[in-house]
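On a predicted model such as this, the values are computed, not experimentally measured, just so you know.
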Amino acid sequence: MAWLEKAGAALDNVVTVTPVEGGWSVTSSLADHPLMFFSGAHAEAKARSLAQLIASAGGDAQVIVHDRRNALIGTVRYFAAEDEVRCSATVEPPSAAAS
């Protein structure tokens, strides 16, 4: 598959959730155009689903999630595995400016 970065490659397949006017956008290497959602929760769920699909197909994937101010709030990596999808998460601590 041309869109899939193979396991062991230098780059992950990145799936990004970002705010846009009127909702949320999910971009990935799977499509030329972003997917659009009214709900951030639905956008994040779709991003994770796409990353799991990539991992199931044999590639590593990373989900990057931004908040409404477009600040990075967390990442989740999905690693290619033969029998199961493994993932690790990193959540960014809230910044002092967010208070």
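Pairs engaging residues 33-44 under the salt bridge (Lys or Arg N to Asp or Glu O under 4.0 Å) rule: E44-R48 [sequence neighbours left out].
Between A47 and V17, the shortest heavy-atom distance links the atoms CB-CG2, 3.5 Å. Among all heavy-atom pairs drawn from V15 and S28, the shortest one is CG2-CB, 3.9 Å. Of all heavy-atom pairs between P34 and S25, the closest is CB-OG, 3.3 Å. A55 and F79 get closest at one heavy-atom pair: CB-O, 3.8 Å. Of all heavy-atom pairs spanning W24 and A43, the tightest one is CB-CB, 3.7 Å.
Remark: N70 engages T18, P19, H66 in a side chain to side chain contact (heavy atoms under 4.5 Å, CB included) (not counting sequence neighbours).
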> Taking it one step at a time, do V26 and F37 satisfy side-chain contact (heavy atoms from CB on, under 4.5 Å)?
Replying inline: CA-CA 8 Å; V26 175; F37 297 87; 3.7 Å; yes
> After noting the C-alpha distance and the side-chain angles of V63 and V14, does the key distance pass the side-chain contact (heavy atoms from CB on, under 4.5 Å) rule?
Replying inline: CA-CA 6 Å; V63 175; V14 177; over 6 Å; no
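Rounding to the nearest 0.5 angstrom, the gap separating the CG atom in D32 from the OG1 atom in T27 is 12.0 Å.
Between the side chain of D67 and the main chain of I73, no donor-acceptor pair closer than 3.5 Å is present. Although no hydrogens or angles enter the test, the distance criterion places a donor-acceptor pair under 3.5 Å between the side chain of S56 and the main chain of Q52.
Applying the under-4.5 Å side-chain rule to Ile, Leu, Val, Met, Phe, Trp and Tyr, the cluster around V20 extends to M36.
Shown are N13, T16, I54, T75; of these, the side chain to side chain contact (heavy atoms under 4.5 Å, CB included) with Q62 is made only by T75.
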